[in-house]
Amino acid sequence: MTIKPPIPSLRAIAAGVAVLVLSGCATFSKDGGLDAVSTLTAERTGQDIRLSKATGDSEPAQAELAEILKQPLSADSAVRIALLNNRGLRASLANLGVAEADLVQAGRMSNPSFSFGRMSGGGETEIERSVMIDLVGLVTIPLRRDIESRRFQSAKLVAATEAVRLAADTRKAYFNAVAAVQAARYAEQVRDAAQASAELAQRMAKVGNLSALDQAREQAFSAESTAQLARARHNATAAREQLTRLMGVWGTNTAFQLPDKLPELPATPRDAANIEATAMQQRLDVRLAKLDTEATARALGLTKATGFVNVLDAGYANASKSGSPRENGYEIELALPIFDWGGARTAKAEALYMQSVHRTADTATVARSQVREAYSAYRTTYDVARHYRDEVVPLQKKISEETLLRYNGMLMSVFELLADARAQVTGVNAAIEAQRDYWIAETDLQAAISGSGGSSVSLASSSSAEAAPEH
């Protein structure tokens, strides 16, 4: 319907013009939110995220990448490459641009609408013109900007979460790759020893100094060790390729060097004091859930504000007829709340708000549980790895030394000496896995405290089942 009210006061017009001018000042930021994401990532990983101009295929990025790859990789350098070079992370960072565009758009007034009508008949022509402005949109600009600002902050937290998760995944892939290389190297030593034993057994069997049963046992162990070496080499290749994918390297850059063995255990484990409280302060998913609840609450206010009247347009209009002076005036278009009073929209917004509240509480509960579980895995793997280092491995070494003394004293045969060496295969592989599991658990604990992850180390079983059987 069309209503012709009195002319608005100068104060009302001035207020509307001021809001309109301010809304036209909404612009994009220089960094697009990347500085905040880089800071959040650096606080949790020790590595920042470079701006887009210094990433990807740019000369500074490639120069830094080439410099890092000159030396054997460390866990930190692998993470640096991933944050610098991973295209999946760069794709997720593009969501920052989408969120910022929504923020800028929310701060801008909708374009005015122009209508033109021409009617003729009876020798007369009537022309109507009008320009309409969305008053509801103009008045709610501050509220909409506040909502989109919170969503932009949420997008920054999401991007930082992706970066922190990539860093954690890269560190775990690095430790898996180094452990796999170490296990493959040991499997090669076992295979070489088994082949030498099988060859000696064959020669002794020919001259009648070894039974056919003992010879078959040596040959069976040699054949099994060859199969174990093939599996160990494939595992090393698969673990290396996983690390390659996370770092985002290709071509000649895939020829990076890995160290010969895993890092040594720290002297003392981390203390569990205040890890839950620290997680509640640093966890990105907890902060994101809280921010989402705040944004939903603000959106509920907007829904209530526009639930009764959500269409209110005002503008200038004029009409002219043939042979008559032009008529000028104002026009207001108002949607009358006859059939829809906005109750359903408000109820939906309130339900979404309560959903956000419960989701935030659930996120905090899950986060606390994940931190406790991650610390349990961390402490257990540390104790197990230290037990292998301080107890199991030294005992096996002592057994080997005593066995060698007996062999030198001609108190046992060479095959008994080789059998003792084969019996240690499972223990050595278990020690390598225990050390690897500790470093993975340490990464998971850090992710559980400051990122959004939990423990991924299973202590129920060990993959050492693939080791060569005792003989």
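Computed over heavy atoms, backbone and side chain alike; hydrogens, waters and symmetry mates excluded.
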Margin query: What verdict does the side-chain hydrogen bond (donor to acceptor under 3.5 Å, both in side chains) test give for Thr41 and Ser38, after you've listed the backbone C-alpha separation in whole Å, the side-chain angles of each residue and the deciding distance to 0.1 Å?
Written below: CA-CA 5 Å; Thr41 304; Ser38 183; over 6 Å; no
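- For the pair Leu288/Thr363, no side-chain contact is recorded, criterion being any heavy-atom separation below 4.5 Å from C-beta on.
- Considering only heavy atoms from C-beta on, Pro259 comes within 4.5 Å of Val178 through its side chain.
- One finds the CD1 atom of Ile275 at 10.5 Å from the OH atom of Tyr378 (value rounded to the nearest 0.5 Å).
- Of all heavy-atom pairs between Ala385 and Ala434, the closest is CB-O, 3.6 Å.
- Side-chain atoms of Ser77 and Ser74 include a donor-acceptor pair closer than 3.5 Å.
- For the pair Lys172 and Tyr174, the cation-pi criterion (under 6.0 Å, within 45° of the ring axis) is not fulfilled.
- Using a 4.5 Å heavy-atom cutoff, the side chains of Leu157 and Leu40 are in contact.
- Ion pair Arg165/Asp169 not flagged as a salt bridge, since none of the NZ, NE, NH1 or NH2 atoms sits closer than 4.0 Å to an Asp/Glu carboxylate oxygen.
- Scanning both residues, Thr254 and Gly251, for their nearest heavy atoms gives OG1-O, 2.7 Å.
- Between Arg171 and Thr45 there is no side-chain heavy-atom pair separated by less than 4.5 Å.
- Side-chain contact between Leu69 and Ile81 is present, with heavy atoms from C-beta onward closer than 4.5 Å.
- A cation-pi arrangement is present between Arg240 and Phe256, with the terminal nitrogen or guanidinium carbon under 6.0 Å from the aromatic centre and inside a 45° cone about the axis.
- When every heavy atom of Ile432 is checked against every heavy atom of Ala179, the shortest pair comes out as CG2-O, 3.9 Å.
- One finds the CZ atom of Arg87 at 6.5 Å from the CG atom of Asn85 (value rounded to the nearest 0.5 Å).
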Next item on the list: Start with the C-alpha gap between Gln396 and Val392, add the side-chain angles, then the distance that decides, and say whether side-chain contact (heavy atoms from CB on, under 4.5 Å) holds.
Entry: CA-CA 6 Å; Gln396 289 181 339; Val392 178; 4.1 Å; yes
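- The shortest heavy-atom contact between Ala289 and Thr360 is O-OG1, 3.0 Å.
- Under the 30°/60° scheme for interplanar angles, the aromatic rings of Trp439 and Phe175 are found to lie parallel.
- Atoms OG1 and CG, from Thr170 and Leu83 in turn, are 7.0 Å apart once rounded to the nearest 0.5 Å.
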Check: Should Asp362 and Arg359 be marked as a salt bridge (Lys or Arg N to Asp or Glu O under 4.0 Å) after you check the CA-CA gap, both sets of side-chain angles, and the distance that decides it?
Finding: CA-CA 5 Å; Asp362 179 68; Arg359 184 180 292 117; over 6 Å; no
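- Between the side chain of Gln47 and the main chain of Asp76, a donor-acceptor pair closer than 3.5 Å is present.
- Here CG of Leu89 is found 11.0 Å from CG of Leu246. Values are rounded to the nearest 0.5 Å.
- No donor-acceptor pair closer than 3.5 Å links the side chain of Thr380 to the backbone N or O of Ala377.
- For the atom pair CD (Gln182) and CD (Gln435), the distance works out to 6.5 Å, reported to the nearest 0.5 Å.
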Next item on the list: Before giving the answer on side-chain hydrogen bond (donor to acceptor under 3.5 Å, both in side chains), spell out for Gln242 and Arg245 the whole-Å C-alpha distance, their side-chain angles and the decisive distance to 0.1 Å.
Entry: CA-CA 5 Å; Gln242 173 66 13; Arg245 289 192 293 271; 2.6 Å; yes
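- In terms of heavy-atom proximity, Tyr388 sits nearest to Gly427 at CE2-O, 4.1 Å.
- Screening Gln281, Glu276, Gln282, Met280 against Ile449 for a side chain to side chain contact (heavy atoms under 4.5 Å, CB included) leaves a single residue, Gln282.
- Here the closest heavy-atom approach between residue Val371 and residue Ala448 is recorded as CG2-O, 3.3 Å.
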Checklist line | Step-by-step salt bridge (Lys or Arg N to Asp or Glu O under 4.0 Å) determination, Arg231 to Glu224 | finding: CA-CA 11 Å; Arg231 282 194 285 266; Glu224 180 66 20; 3.7 Å; yes
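- Between Arg80 and Glu64 there is a salt bridge, since a side-chain N of the basic residue sits under 4.0 Å from a carboxylate O of the acidic one.
- Under the 4.5 Å side-chain criterion, counting only non-hydrogen atoms from C-beta, Arg233 is in contact with Glu188.
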Notebook entry, point to check: So Met247 and Leu73, side-chain contact (heavy atoms from CB on, under 4.5 Å) or not? Walk me through it.
Noted result: CA-CA 11 Å; Met247 292 193 303; Leu73 284 182; 3.8 Å; yes
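- Under 3.5 Å, the side chains of Gln370 and Arg283 contain a donor-acceptor pair of N or O atoms.
- Using a 4.5 Å heavy-atom cutoff, the side chains of Pro263 and Tyr438 are not in contact.
- In this structure, CG on Leu243 lies 6.5 Å from CG on Leu258, to the nearest 0.5 angstrom.
- Under the side chain to side chain contact (heavy atoms under 4.5 Å, CB included) test applied with Asn176, the options Val181, Asn235, Ile440 reduce to a single match, Ile440.
- By the neighbour-count criterion of 12 heavy atoms within 6.0 Å, atom CD of Gln189 is densely surrounded, having more than that number from other residues, nucleotides or ligands.
- Side chains of Leu96 and Val158 form no contact here, defined as non-hydrogen atoms less than 4.5 Å apart.
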Next item on the list: Go through Gln153 and Lys156 one step at a time and tell me if the side-chain contact (heavy atoms from CB on, under 4.5 Å) criterion holds.
Entry: CA-CA 5 Å; Gln153 296 299 322; Lys156 294 177 184 178; 3.4 Å; yes
